[in-house]
Amino acid sequence: MTGGAAKDLVRPLITVLCLSALLAFVYQQSQAIDVERIKNAQRLLVMIESQQHLIERDMLRIRNGDLVHFDSLKYAHREMLKANDALLHILPVSVLDGSLELRKSIKAQNLAIEHFMADQSILTNSLRFLPKAIAMAVQKAPAFTSQLYALHRDVLHYLRGANPTEAVKIQQQLSTLSGSKHVQRHVGHILLRTQNVEKAIVGFHNADVVQKSQQISTALEVYLAAGVASMHRHQIWLIVLALVLIIYIGWVVWRQTRVAHDLRNALGLVDAQQSALDDYAIVTIADQKGDITYANDKFCEISGYSREEVIGENHRILNSDFHEKSFFKELWRTIIGGQTWHGVIRNRCKDGSYYWVNTSIVPFLDEDGKPYQYVSIRTDITRAIEHEEEERQHQKKLEHAQRLESLGVLAGGIAHDFNNLLTSIMGNAGLIDRTIKASDPAKDKVQRIIDASEKAASLCKQMLAYSGKGHFIVQSCDMSLLAEEMMELLQISIDKNVIIKYELTENLPMIDADVAQMHQVIMNLITNANEAIEGNSGVITLSTGWLHADQAYLRGVNSEKNLPAGDYVYLEVSDNGCGMEKKMIDKIFDPFFTTKFTGRGLGLSAMLGIVRGHQGAIKVYSELRRGTTFKVLLPVSDPTDSVVSTQEIVRAKSWHIENGTALVVDDEEMIREMASVMLSEMGFDILTAANGLEAVKLYPQHMEKIKLVLLDMSMPKMDGEEAFRELRRMNPDVCVVLSSGYNEQEATERFKGKGLSGFVQKPYLPDALEKVVSKALS
Amino acid sequence: MLLRPLLLLFIGTLTFGYAWAESSPDKLSQEPVRPLKALVVNAEKVALGDMLFHETRLSVDNSISCAHCHVLAEGGADGLPVSVGVNGVKGGMNSPTVFNAALNIAQFWDGRAKTLEDQIDGPLHATAEMASNWPDVIKKLTADQVYNSAFQKLYNGEISEQTIKHAIAEFERSLITVDSRFDQYLRGDESAINDEEKKGYALFKEFGCVACHQGENVGGNLFQTLGIMDDYFATYKEIKKHDYGRFNVTGDIMDKHKFKVPSLRLVTLTAPYFHDAKITKLEDAVRTMGKYQLGMIISDADIASIIAFLETLPGKHPRLEKEQ
């Protein structure tokens, strides 16, 4: 990662450096021409040129005797030497080679000056000495006078032109004049030195330093011009390079800006994603050991730990002891191997509560493929899990309820058939009882038959009650008063060592309930409580009251369906008996389940049925060896509810009809027979139908005669409800009494407002039938 | 860099010299001998150069300074036939005077040093003289705080061959013996010299001495053969290399036995004479010159007159003292 970053940096850096170096080089080149130096060189050459004229002039002046000392030549000589040295240092290398000739010339000129000075000084002296020497020689050797004068003249003549042929002649003359040493010497010097001086002057002149200097000057001009041109060229290059550099830098900056912009955008996107993730998921990052290096806000929110508390800690702190060690072993094995692990984990919050998370742990691998950090992304599924659990519980409850219901249906079915049979037995026995005189010994027996039948009927009722289809006489009652009524009865139902404590709330809200059923319920509860105490001394507490039950409270109760939240009256029976295990509690309401030796196991199930039938519920608390509490909840009566209540059975006088036919509709032949007998006793003519269809066919044929229809509920082909509808269609005033083994309320529910004249519950005694019929026809 | 000031100096001197020459009385502007003028120098550098001129650390064993052979108080020479260098090694030639040496065409008898600065290399390196070298000298001088601060001030802290030479040369440039009696005479003071001396000057000119010993330095501005009229070296047992003089520098056969004509300004103070220092008395020197250069025998009376003239030549300088 750093390598790439370095590369990104290195390349433009190197380019910039190269361009800068180039720029510096070009700048350097553009400054290469030292114009000042060239100008100095030019000045030097000018000086050399002017010196030339001066030197030549002075040499000639000295030659002519006009200048009598050599100081100017001395200074000129010095300057020329200095100039020659200066040229070496000041001229640019390219011109320097061309100046070699010039320098050599100057050197030669300097030598010429030296020779000039030396020869001229001797010449000057010899010229001055010659006349004296000639005079002395004439004096010494008068014979040679003319020759001497001739010599003198020739020498002077020679001096004017310095003609070499003249010099030869003079030499010849000298050889003939062997006498005067001085003359010889001086003439010799004159000849020699004149020659030398001329040579020096000519030599100096011919060195042509001026021309050479001018050549150099021109070369310098060219050099300067070229240099200036080159400088300008370089300056242009400088500008170009500078522009290139600026453009390049600009481009790099623009590119960087764009990259930065893209980066910002990308980062913005990443940030957005990050916050989205943070919002949605619980994210933690751990190092190789599993120590937390980062935790997002959601994590802190869910787990209850603050960020500071959690950073540096190992993930272990979240362990809720739910998963096996092998679970985590597998987890680690997966992620250390570089694979992502998915799964569901239960973690523990700081406060000890639990939460479930759907987790993915992603290992981040380094260049060697080894994990260097683990990123965990989790979603809180606690609610989902809880819902699942709830669903499961609910499903269990539902299944349980369904099971009970099917049992109920079974029990109801049996009871119904049983009831029909009992109707026949009891009915006939009743009829017999009527015909037998009190003195007849068979009366007792018949009475016993009736008693037994009634007990059997009661048992059927219980079963029906359990199945929720019992016959209720519902009226408004106060639970506390109900309980109070039973105090004596309860007292005698319990063991000696057991006492009942009453905690009855006064002015309880009314409930709509069947009094008898309520008595049964209370009795049942007290009996069970008593038996739980198992003969020891104990206390049973019977309390009443009312409460507002919310959904949460109602969720745990045993009821037909989910009861609405609202006000409920409760009846609570507690004992400090043997208590029950939890498993037991679930079973106690099952029909035919009993722990009693002599029980049939229907008590509690019947009670449950009763309570359910009243839209109530039972709550059970129990602890082994501590005791049990049963709490019966019954909804507070709503004053707006209309209660179908039937009056108490009142024994009426025997009733008789003068003229009329009764149509008995029932699918059971025995019932038809028995009902026919009872009704004929009342004075009816009888018509029978085995089912609704027959009844409907029969009715229109005898409509004027038929005063009463005794209609059974459940029949094949056409049931009571449909038959009733048909009959009503045919005759809106038809008097129909419904008979059924089922709960009156339920049975008559369907006929509400449809003009049902009466209802008789099976099995019925003749008196009951009589009462209903008389009422219906009155 | 030195070109410009020197150029100006040269032109200036020429111009001034000419202007001065033109402006003074006719007679004296035509004289072959010219009066001396002090050169323009930097006083502080002169002082430093003075110190260096007397600095024995310039020699290898810290025993010899320039002043050893060029004793200022004694006319700027050592009065010895040959100078004695380090370890008592004898040199080869007669040391000339340092006074007015700045006005010579070149330095050394054979003119091999073009400038005063170049001359310094000779004695510094010569085994018979200081036998030293620049690195050592620079090291020794750099160690001295006095030189450090002096060079810091004058030469921007640079203690090098160039700066040391320049300082010494600057000092030497300051050694011009101006305002001699003869110079006063040349400037128009007829009474500056007496008749004898005037006579000596006239003879000096008549005999032709002035042909070579002319100009402001009364010589020093040309090279001339030693032995024009006669062979000076005829009596020599052994002719050494240095006896070839200018030939050693130019290689021109015409330059054999040519030497720089010495200045006669302080001649009365700087015996012995000639490059070989063979002559110790001035009278003998005059006589020798007459014989070999002029081809004449000069009488003693004339010699005396000439010498009287020569006595008027030494100018004034604070560092010059000579007990007459």
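Order of the sequence lines sets the chain letters (A, B, ...), proteins ahead of strands, with each chain counted from 1. All values derive from a computational prediction rather than experimental measurement.
- Contact of A:Asp66 with chain B is made through the backbone alone, with heavy-atom distances under 4.5 Å.
- Within the 4.5 angstrom heavy-atom criterion, no atom of B:Gln293 approaches chain A.
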Report the C-alpha separation of A:His77 and B:Leu222 in whole Å, then their side-chain angles, then the decisive distance to 0.1 Å, and conclude whether the side chain to side chain contact (heavy atoms under 4.5 Å, CB included) test is met. CA-CA 10 Å; A:His77 182 269; B:Leu222 76 159; over 6 Å; no

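- With hydrogens and angles ignored, the 3.5 Å screen pairs a side-chain donor or acceptor of B:Gln214 with a backbone N or O of A:Phe70.
- Judged purely by atom type and a 3.5 angstrom limit, A:Arg185 uses its side chain to pair as donor or acceptor with the backbone of B:Gly295.
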Side chain to side chain contact (heavy atoms under 4.5 Å, CB included) evaluation trace for B:Glu31 with A:Val68: CA-CA 7 Å; B:Glu31 292 302 316; A:Val68 293; over 6 Å; no

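- There is no side-chain donor-acceptor pair under 3.5 Å between B:Asn221 and A:His69.
- Within a 6.0 Å sphere centred on CD1 of B:Ile239, heavy atoms belonging to other residues, nucleotides or ligands number more than 12.
- Residues of residues 189-201 of chain A having a heavy atom under 4.5 Å from any heavy atom of chain B, listed by number: A:His189, A:Arg193, A:Asn196.
- If you measure heavy-atom distances from A:Leu54 to chain B, the contacts under 4.5 Å come from the side chain alone.
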Could you give me the CA-CA distance, side-chain angles and deciding distance for A:Glu114 and B:Arg246, then say whether salt bridge (Lys or Arg N to Asp or Glu O under 4.0 Å) is met? CA-CA 10 Å; A:Glu114 280 172 32; B:Arg246 189 74 180 144; 2.7 Å; yes

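- Contact residues of residues 116-136 of chain A toward chain B are A:Met117, A:Ala118, A:Ser121, A:Ile122, A:Asn125, A:Ser126, A:Arg128, A:Phe129, A:Lys132 (heavy-atom distance under 4.5 Å).
- Remark: B:Asp110 engages B:Arg112 in a side chain to side chain donor-acceptor pair (under 3.5 Å) (not counting sequence neighbours).
- One distance of note links CZ of B:Phe223 with CD1 of A:Ile113; it measures 12.0 Å at 0.5 Å rounding.
- Among the residues in residues 208-218 of chain A, none has a non-hydrogen atom closer than 4.5 angstrom to a non-hydrogen atom of chain B.
- Neither the backbone nor the side chain of B:Lys260 comes within less than 4.5 Å of any heavy atom of chain A.
- Heavy-atom distances place the backbone of B:Asn104, and not its side chain, under 4.5 Å from chain A.
- Each of B:Leu294, B:Asn217, B:Val261 has some count of heavy-atom pairs under 4.5 Å with chain A, and the biggest count is that of B:Leu294.
- When each of A:Glu79, A:His89, A:His182, A:Lys181 is scored by its heavy-atom pairs under 4.5 Å with chain B, the top score falls to A:Glu79.
- The environment of B:His242 atom NE2 is dense: over 12 non-hydrogen atoms of other residues, nucleotides or ligands sit within 6.0 angstrom.
- Of all the heavy atoms in A:Leu81 and B:Lys114, the pair that sits closest is CD1-CD, 3.5 Å.
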Between B:Thr115 and A:Arg78, is the side chain to side chain contact (heavy atoms under 4.5 Å, CB included) condition met? List the steps. CA-CA 9 Å; B:Thr115 62; A:Arg78 280 210 323 212; over 6 Å; no

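- Checked by atom type and distance alone, the side chain of A:Lys74 pairs as donor or acceptor with a backbone atom of B:Leu103 at under 3.5 Å.
- Sparse packing is recorded around NZ of A:Lys107, with 12 or fewer heavy atoms of other residues, nucleotides or ligands lying under 6.0 Å away.
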